[in-house]
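Structure, as structure tokens:
A note on names: the letters A, B, ... follow the listed sequences, proteins ahead of strands, and every chain is numbered from 1.
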Number of protein chains: 2
Amino acid sequence: MGDRSRGVTISDVAAHAGVSPASVSRVLNGRASVDPEIVRKVQASIATLGYSPSLVARSLVHGRNTTVAMVVPDLENPLFQGILKGLSLAAADDGYRVLVADTAERVDDEEAIAVEARQRCDALVLCAPRMPEAKLRRLVERVAPVVVVNRPLPDLDVPIVGVDYVRGIRDLVDHLVGLGHRRLAYVTGPETSASNAERLRGVDEALAMHPSVRIERIPGGSRPEDGEAVAPAVVEVHRAGVTAVIAFNDLVALGLLARLRELGVDVPGELSVAGFDDVPMARYATPRLTSMSVPRTEIGAQVWARLRTLIGGGPIEHTVLYRPRLEARESTAAPAAVGARA
Amino acid sequence: MGDRSRGVTISDVAAHAGVSPASVSRVLNGRASVDPEIVRKVQASIATLGYSPSLVARSLVHGRNTTVAMVVPDLENPLFQGILKGLSLAAADDGYRVLVADTAERVDDEEAIAVEARQRCDALVLCAPRMPEAKLRRLVERVAPVVVVNRPLPDLDVPIVGVDYVRGIRDLVDHLVGLGHRRLAYVTGPETSASNAERLRGVDEALAMHPSVRIERIPGGSRPEDGEAVAPAVVEVHRAGVTAVIAFNDLVALGLLARLRELGVDVPGELSVAGFDDVPMARYATPRLTSMSVPRTEIGAQVWARLRTLIGGGPIEHTVLYRPRLEARESTAAPAAVGARA
DNA sequence: CTTCACCGAGAAATCGCTTTCTCCATCACC
DNA sequence: GGTGATGGAGAAAGCGATTTCTCGGTGAAG
């Protein structure tokens with residue numbers, strides 16, 4: 001590991017400088033006052049020998065790694081990328097590094113991967129949108145300290161940082177209703193996805209608040225391909241009177257948009273389309289995609305803040321949910337002047 | 001670290017099972033034959049105590065971590081994400097984990113970050129497209145074993161995995177020329193970027209092969225914003241006769257595409273646009289973006305293969321360059337029926 | 001029946017560092 | 001000038017595993 005200097009150890013330095021290893025350690029860590037002469041000699045020896053201390057040995061003594069792990073279902077998802085980036089940068093400021101563990105969407109392996117990752121680190125960040133809740137609860141206890149992302153876990157002592165999907169969907173529906181839409185459709189995410197469940201709650205709440213509105217559900221997915229695949233179904237509901245579609249996320253929305261264009265559906269002229277997450281590409285889509293913006297890197301930074309507290313023996317901080325912000329762009333507009341009532 | 005079970009050590013297990021720590025270790029690692037009765041007892045004790053061995057202690061003994069680090073300038077870049085993903089999955093198959101170090105494009109910190117990351121790991125993957133070559137060469141020697149991504153470093157003993165940008169650009173130009181274009185433009189990447197330099201070489205070689213072709217250079221960048229910003233300049237050269245544009249990468253191309261649409265330029269009717277990298281979103285752009293596909297995750301896997309060899313004390317394997325594959329989509333087409341000669 | 005090779009299990013050394021403990025010397029103060 | 005407080009440096013004890021070394025016991029061979 002730190003062995004790039006071919007195994008020169010603290011004892012080598014000590015010998016070379018004619019002092020004890022303890023003194024070298026003191027010089028290294030500045031923990032106690034040391035004779036300036038010794039400091040000088042030790043530093044000289046360190047330079048000469050090209051010594052650099054073994055972090056592993058240090059870790060063994062201190063019982064910590066200054067490393068945390070983040071478990072994600074799919075590194076190619078822009079949301080997780082953003083969180084990883086924010087986490088990684090924030091952690092770096094405190095001298096911590098982040099290890100990534102991509103579970104490649106294999107839900108069954110998630111637990112084992114998380115436990116293994118935890119072994120190597122001081123703490124864990126868990127993004128496991130598909131893991132069954134009971135399993136997740138057990139896991140969380142095993143791997144503490146841990147911060148959970150985007151999973152509500154009521155009554156469990158674990159810090160959670162997430163997105164208020166319920167509110168986000170409500171706000172998005174409000175936006176569309178405000179534009180005059182009364183018949184909407186929601187292209188669902190993966191069935192087992194917790195954040196999809198949240199979004200569905202948002203749909204329900206929105207329906208409760210807008211009695212005159214109807215929202216169809218169309219089984220979708222989480223990737224652009226899913227968006228493409230669902231396009232015919234969307235066209236169908238559109239024919240039946242739906243004037244606006246909310247996709248599970250931007251990836252789906254972008255796929256959908258591409259396919260709709262090919263199917264000759266004018267967005268937003270005939271049909272409004274909105275996504276969720278506001279991925280970087282959303283604003284470069286054609287038309288520029290209306291989306292609910294989620295502060296990805298900020299979430300990552302917040303996760304780190306929670307984790308750091310935990311590692312330092314601090315209290316389990318409160319759950320924090322970020323409220324997505326509407327980014328109204330070109331893909332949503334008032335419905336064509338047909339009967340606006342359903 | 002593995003301390004989730006509150007510091008139960010191998011000695012605790014040994015005591016509980018009434019055997020020596022050495023035996024517990026043997027049972028754990030299956031290195032030698034052990035009395036079945038002891039095995040049973042030890043396993044029982046392990047289960048009872050919820051013991052799990054400290055990876056750090058192991059690392060200290062073995063002198064390795066089973067962890068490698070990847071240094072990237074920007075985790076939000078789809079290319080690096082793909083490589084990270086491929087690397088991470090391939091490494092996981094061999095029981096290795098990947099630590100990420102995002103340098104946030106701060107070229108000056110790259111060296112320090114790399115060295116620090118290397119301390120924690122058995123090996124390094126270096127993506128440093130902007131680092132001055134001399135500096136990179138020095139660094140590479142310090143942090144070995146290391147694999148370098150996307151940087152040609154002639155005569156240096158280091159495995160390199162990369163993309164043949166030169167060839168890629170040539171092929172892309174061929175594609176455009178084949179469509180009938182004679183006057184092209186290349187929107188450059190960051191000035192200090194090594195892969196931009198490669199692309200420029202590709203441009204030169206292409207020019208040499210097509211004497212009748214002219215290629216303007218337009219200073220650009222590497223992000224969608226840069227693509228948007230450069231749009232007016234592109235329009236200008238278009239007015240002057242350019243019929244096809246190659247962007248440094250897809251992100252730039254996508255930004256450009258969005259802006260061109262707003263400027264009323266028909267792609268590919270009036271102007272063909274091509275990107276590079278074939279990011280996931282390329283095929284969902286409007287029009288679907290022609291690009292040079294780069295096997296991102298495959299590169300990551302290949303990087304791991306090289307790294308593993310190196311870690312195992314194997315030879316420095318040869319440089320491997322992936323030749324990008326043309327993904328001809330809708331954004332490129334034959335030029336409008338004006339004079340096809342420049 | 002004795003001797004030797006072999007095998008399995010515990011004791012102990014080791015990995016490279018930090019930290020406590022111990023000791024010696026210096027200083028201040030009475 | 002003697003004594004206690006102080007401080008700085010080395011010795012040694014961990015941290016938690018692995019691995020070598022050592023030794024006692026068993027089985028086979030002479």
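- Using a 4.0 Å heavy-atom distance criterion, B/S11 is classed as making no nucleic acid contact.
- Between A/E37 and A/K41 there is no salt bridge, since no side-chain N of the basic residue sits under 4.0 Å from a carboxylate O of the acidic one.
- Phosphate contact (OP1/OP2 of D/dG8, side-chain N/O of A/S33, threshold under 4.0 Å): present.
- The side chain of A/H62 has C/dT18 as its nearest neighbour among C/dC17, D/dT19, C/dT18.
- When rounded to the nearest whole Å, the span between OH of B/Y51 and P of D/dG16 equals 10 Å.
- At the phosphate of C/dC17, neither OP1 nor OP2 sits under 4.0 Å from any side-chain N or O atom of A/S54.
- Look at CG on A/L28: it is 14 Å from C1' on C/dT19, rounded to the nearest Å.
- For B/R26, the listed nucleotide lying nearest its side chain is C/dG10; candidates were C/dT18, D/dT19, C/dG10.
- Dashed line: the shortest gap from a side-chain N or O of A/S25 to OP1 or OP2 of C/dC17 is not under 4.0 Å.
- As rounded to whole Å, 11 Å separates atom P of D/dA9 from atom CD of A/E37.
- Ion pairing of B/D35 with B/R40 is absent here, as no side-chain N (NZ or NE/NH1/NH2) approaches a carboxylate O to less than 4.0 Å.
- D/dG14 atom P lies 18 Å from atom CD1 of B/I10, rounded to whole Å.
- Considering only side-chain atoms of B/N29, the nucleotide from D/dG16, D/dT18, C/dT18 that sits closest is D/dT18.
- For B/V61 and B/G18, each mapped to the nucleotide of DNA chain C holding its nearest heavy atom, the one lying further toward the 5' end belongs to B/G18.
- A salt bridge between A/D122 and A/R64 is absent, with no side-chain N of the basic residue lying under 4.0 Å from a carboxylate O of the acidic one.
- Here D/dG24 presents its C1' atom at 15 Å from CG of B/D35, a figure rounded to the nearest Å.
- Nearest to the side-chain atoms of B/A22 among the listed nucleotides C/dA9, C/dG10, D/dA17 stands C/dG10.
- Which of C/dC15, C/dA9, D/dA9 sits closest to the side chain of B/L60 comes down to C/dC15.
- When heavy atoms are screened at a 4.0 angstrom cut-off, A/V34 is found touching the sugar-phosphate backbone but no base atom.
- The existence of a salt bridge linking A/R97 and B/E116 is confirmed by a sub-4.0 Å separation between a basic side-chain nitrogen and an acidic carboxylate oxygen.
- Under 4.0 angstrom from either OP1 or OP2 of D/dT18 there lies at least one side-chain N or O belonging to B/R58.
- Taken to the nearest 0.5 Å, the CD atom of B/E110 stands 4.0 Å off from the OG1 atom of B/T103.
- Side-chain N/O atoms of A/S20 include one lying less than 4.0 angstrom from OP1 or OP2 on D/dG10.
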